[in-house]
Amino acid sequence: MEDYKKAQYFLAKSHALSNAAEFIRSHGEEGFSFEDKDFDKAYKRECQNTYKQLEARAVVFAKKYRAMNIDIEGEIDPDY
């Protein structure tokens, strides 16, 4: 059971980081912007940098999960 809990941790961490990365990456797509255009450009650049960093961390945990060779149901509940 210990290995199963560890695999759950790796998969959950991967999903959490990936979801956070996507949230940050997509920020501003719906018209959000700061009035100061130079600052807005810098902010959006840093959002992309942060997205890449979080996604890279997510990949590390996904690899650790897959290396354990334990299958955990990770599908999203369609009725959420």
Side-chain angles (χ1 to χ4, degrees):
M1 192 63 162
E2 183 69 29
D3 284 345
Y4 187 81
K5 290 285 187 189
K6 193 174 191 178
Q8 275 185 326
Y9 168 78
F10 289 150
L11 183 59
K13 188 75 163 184
S14 175
H15 281 303
L17 287 165
S18 186
N19 288 339
E22 181 56 26
F23 178 81
I24 289 169
R25 185 206 61 77
S26 66
H27 193 247
E29 285 184 349
E30 296 179 13
F32 172 86
S33 65
F34 290 99
E35 288 184 17
D36 182 321
K37 297 306 174 198
D38 288 335
F39 177 70
D40 189 63
K41 183 177 178 181
Y43 172 77
K44 288 179 179 165
R45 180 179 56 244
E46 290 310 314
C47 281
Q48 288 304 304
N49 289 340
T50 303
Y51 157 75
K52 290 175 186 175
Q53 291 168 357
L54 290 173
E55 194 58 37
R57 287 186 64 206
V59 167
V60 168
F61 284 98
K63 286 179 182 176
K64 288 180 180 185
Y65 164 71
R66 285 193 301 273
M68 294 193 73
N69 205 26
I70 295 173
D71 189 31
I72 297 173
E73 178 60 55
E75 294 298 314
I76 296 172
D77 182 351
D79 297 323
Y80 80 95

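In this structure the side chain of Tyr65 reaches within 4.5 angstrom of the side chain of Asp71, judged on heavy atoms.
Criterion: ILVMFWY side-chain heavy atoms under 4.5 Å apart, direct or through other members. Under it, Tyr4 and Met68 are part of a common hydrophobic cluster. Neither Val59 nor Ile72 shares a network with the other; the hydrophobic side chains, linked directly or stepwise wherever heavy atoms of I, L, V, M, F, W or Y lie under 4.5 Å apart, form separate groups for each. Linking ILVMFWY side-chain heavy atoms closer than 4.5 Å, directly or via other members, places Tyr51 and Phe61 in two distinct hydrophobic clusters. Hydrophobic clustering places Ile70 together with Leu11 (ILVMFWY residues linked when any side-chain heavy atoms are closer than 4.5 Å, directly or through intermediates).
Here the CZ atom belonging to Phe23 is positioned 12.0 Å from the CG atom belonging to Leu54, to the nearest 0.5 angstrom.
A tilted orientation is assigned to the rings of His27 and Phe32, their planes being inclined by 30° to 60°. Using the six-membered ring where Trp is involved, Tyr43 and Phe34 have ring planes that are perpendicular, over 60° apart on the 30 and 60° scheme.
A cation-pi arrangement is absent between Lys6 and Tyr9, since the terminal nitrogen or guanidinium carbon is not both under 6.0 Å from the aromatic centre and inside a 45° cone about the axis.
Counting heavy atoms of neighbouring residues, nucleotides and ligands inside a 6.0 Å radius, atom CG of Asn69 does not exceed 12 of them.
Between Thr50 and Ile24 the shortest heavy-atom distance is CG2-CD1, 3.9 Å. Contact detail for Arg25 and Glu22: the closest heavy-atom pair is NH2-OE2, 2.5 Å.
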Assess whether side-chain contact (heavy atoms from CB on, under 4.5 Å) is satisfied between Lys44 and Ser33, documenting all intermediate values.
-> CA-CA 9 Å; Lys44 288 179 179 165; Ser33 65; 3.9 Å; yes

Stepwise salt bridge (Lys or Arg N to Asp or Glu O under 4.0 Å) check, Lys52 with Glu55 | CA-CA 5 Å; Lys52 290 175 186 175; Glu55 194 58 37; over 6 Å; no

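Using a cut-off of 4.0 Å between Lys/Arg side-chain N and Asp/Glu carboxylate O, Lys5 and Glu2 are scored as not salt-bridged.
Formation of a donor-acceptor pair under 3.5 Å by the Ser18 side chain with backbone atoms of Ser14 is not found in this model.
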